[in-house]
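Only one structure is covered here, and it is reproduced in the block below.
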Amino acid sequence: MDEVGITNPGEHARDVDGAIWADPHDAGVYEGDVCDFDDEVGWVPPQPDAVALVLEVATMEAVFAAQRLARIDQLRLEALDDVTRYGGGSRELIERSVRLELAAALRITENQAGMLMYRAQALVHRYPTVWDSLARAGMTERHATIIVDEFAPLEPDVAARLVENARDLAESLAVGPFRRALRRLIDRELAPSLSVRHEHAVRRRRIFVEPDVDGMSWLHALVPTVEAHAIHGRMTAKGKALLAARGGDGNGSQPDDRTLDEIRADILCDLLLDGIVPAHPEDVRGIRPTVVVTIPALALLGADGDGAHDPAVVEGVGPIPIETARELAGAASSWIRVLTHPETGVVLSVGRTRYRPPPDMVALTKWRADRCMAPGCGVPASRCQIDHSLAWEHGGETSVVNTAPLCQGHHTVKHHGGWRVIQTGDGSLLWISPSGRQYIVAPERRLPVFRVDSAAA
């Protein structure tokens with residue numbers, strides 16, 4: 001068998017004697033491939049190398065991504081057609097119910113499920129040529145996602161004018177250069193209306209927290225560019241001034257061993273937690289944060305035994321160092337402190353004597369759950385409403401075993417989105433979706449039980 005090297009597209013394969021055997025493109029041979037010729041079977045295609053195998057999987061990923069998006073959009077359309085099954089509510093409520101079921105089924109957050117639904121609708125209905133390209137692996141799912149996200153703020157007619165160019169760029173550029181090229185394309189199109197667009201964009205300003213590890217979190221802020229750079233510049237100037245006053249250089253030298261990054265973060269916390277803005281009304285200036293911290297009693301006391309090494313937990317966030325918890329346990333009353341008992345569980349109930357649960361029951365129910373008791377929801381229980389799992393009007397009691405915290409959105413979906421919710425008896429909720437699928441949501445904690453020692457009695 002003679003080895004044949006293919007170097008140029010369209011060039012015929014030749015053996016060492018110069019005989020023409022095959023056009024490599026007729027058999028899907030790519031530039032740089034090495035082909036073999038067998039005297040009995042003729043030209044033999046090359047075996048795929050490791051890179052080709054990776055590319056094969058990447059192609060399948062793009063094709064499957066397109067199919068997944070198409071099926072997600074079909075799920076949404078079927079729900080809108082079958083309004084009775086989904087509670088017969090408004091379009092928005094039905095889509096919220098579908099979003100919850102998609103999140104529970106895929107084990108992702110509702111925000112992720114909502115983005116999948118939005119991108120599926122956009123690609124299938126507004127940008128079908130982009131979906132077609134993804135379906136034949138002309139671009140990656142990341143390229144398609146960038147197109148949808150960058151086009152989201154645009155007027156439909158503007159997006160329609162740019163979509164073909166965007167598709168061509170996506171099919172020819174890697175993700176990084178593509179994002180920049182698409183941004184330039186949009187900026188050129190919208191340059192005349194920059195001032196008006198900025199006025200609208202300012203209405204999207206917000207802050208949010210993204211949990212990290214080891215008791216840390218990112219605090220993100222979407223603010224106007226000028227203000228963002230001014231804030232960073234001010235913190236940098238103050239940080240350098242502190243370093244200069246204390247003899248540090250920002251590289252960890254003594255006596256101030258903090259880096260400039262650390263000092264900037266500390267300045268931000270000091271200003272936001274303790275700073276006062278004279279322009280704010282008097283009652284606003286006095287607002288201070290409220291955080292629920294659960295501290296194991298044995299750990300708080302520094303004792304040994306079961307539970308002594310359990311971490312303290314900030315509601316809706318996660319564990320914090322016990323040293324920080326001990327400091328908070330003796331701090332201002334704005335911190336709500338819950339000391340866990342080494343015993344387990346208690347059941348409280350007022351039966352049907354009253355609809356609204358008493359404050360102690362509300363506090364205990366929220367403490368047990370820690371978060372909204374809908375599948376995958378992360379809203380802290382302190383921001384939730386107390387829901388009767390079996391409705392009061394249907395004979396439900398006001399008790400710990402028939403109540404659970406639900407955020408406003410999931411409270412509405414539970415009653416009007418076609419879902420059924422059943423208490424399992426151990427504090428968990430069984431959610432049954434409009435499609436009949438079942439999801440169990442367990443509380444973060446068990447209720448404490450305080451037993452009387454019969455021997456001592």
Side-chain angles (χ1 to χ4, degrees), residues 103 107-112 206-223 228 231-232 235-236 238-239 242-243 246 248-275 288-332 334-342 366-373 376-384 441-446:
R107 292 181 293 177
I108 58 179
T109 67
E110 275 195 74
N111 182 61
Q112 291 172 315
R206 64 190 179 104
I207 63 171
F208 64 95
V209 176
E210 177 190 357
D212 201 59
V213 296
D214 301 326
M216 301 292 286
S217 291
W218 290 97
L219 177 65
H220 298 275
L222 178 62
V223 297
I231 290 168
H232 189 269
M235 290 188 294
T236 299
K238 291 172 79 70
L242 283 172
L243 284 171
R246 298 176 184 177
D249 61 5
N251 295 314
S253 64
Q254 296 295 331
D256 192 333
D257 61 354
R258 295 178 298 172
T259 66
L260 182 56
D261 279 338
E262 292 175 301
I263 291 179
R264 272 193 293 244
D266 293 343
I267 291 171
L268 176 67
C269 292
D270 291 341
L271 289 175
L272 291 179
L273 291 174
D274 300 319
R288 289 293 183 268
T290 298
V291 178
V292 177
V293 181
T294 299
I295 310 172
L298 295 180
L300 180 66
L301 297 173
D304 293 324
D306 293 340
H309 302 292
D310 292 341
V313 177
V314 176
E315 179 194 42
V317 176
I320 60 173
I322 193 62
E323 293 79 11
T324 303
R326 288 183 182 132
E327 179 182 347
L328 296 175
S334 60
W335 293 85
I336 300 172
R337 299 176 295 279
V338 180
L339 304 184
T340 59
H341 195 282
K366 290 185 175 182
W367 172 83
R368 175 183 64 178
D370 190 60
R371 300 171 186 267
C372 169
M373 290 282 288
C377 188
V379 174
S382 60
R383 289 160 44 193
C384 292
V441 180
E444 290 291 318
R445 307 179 183 95
R446 293 181 299 172

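Every heavy atom of this structure was used, including side-chain atoms; hydrogens, water molecules and symmetry mates were not. Source: prediction; values computed, not measured. Residues take their numbers from the sequence shown, with the count starting at 1.
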> What is the minimum heavy-atom distance between Gly239 and Ile263, and which atoms define it?
Replying inline: CA-CG2, 3.5 Å
> Which atom pair, heavy atoms only, marks the closest approach of Cys377 to Cys372?
Replying inline: SG-CB, 3.5 Å
> Quick one: side chain to side chain contact (heavy atoms under 4.5 Å, CB included) partners of Leu272, sequence neighbours excluded?
Replying inline: Leu219, Leu268
Distance from [X] atom [atom1] to [Y] atom [atom2], nearest 0.5 Å?
X      : Y      : atom1 : atom2 : answer
Lys366 : Glu444 : NZ    : CD    : 16.0 Å
Lys238 : Leu271 : NZ    : CG    : 6.0 Å
Thr236 : Ile267 : OG1   : CD1   : 8.5 Å
Thr109 : Asn111 : OG1   : CG    : 5.0 Å

> What pairs with Arg368 under side chain to side chain donor-acceptor pair (under 3.5 Å), at least two apart in sequence or on another chain?
Replying inline: none
>> Test of understanding: with side chain to side chain donor-acceptor pair (under 3.5 Å), list the residues that count as partners of Asp266, not counting sequence neighbours.
In response: Arg258
> Taking the side chain as C-beta and beyond, is there a heavy-atom pair between Pro443 and Met373 under 4.5 Å?
Replying inline: yes
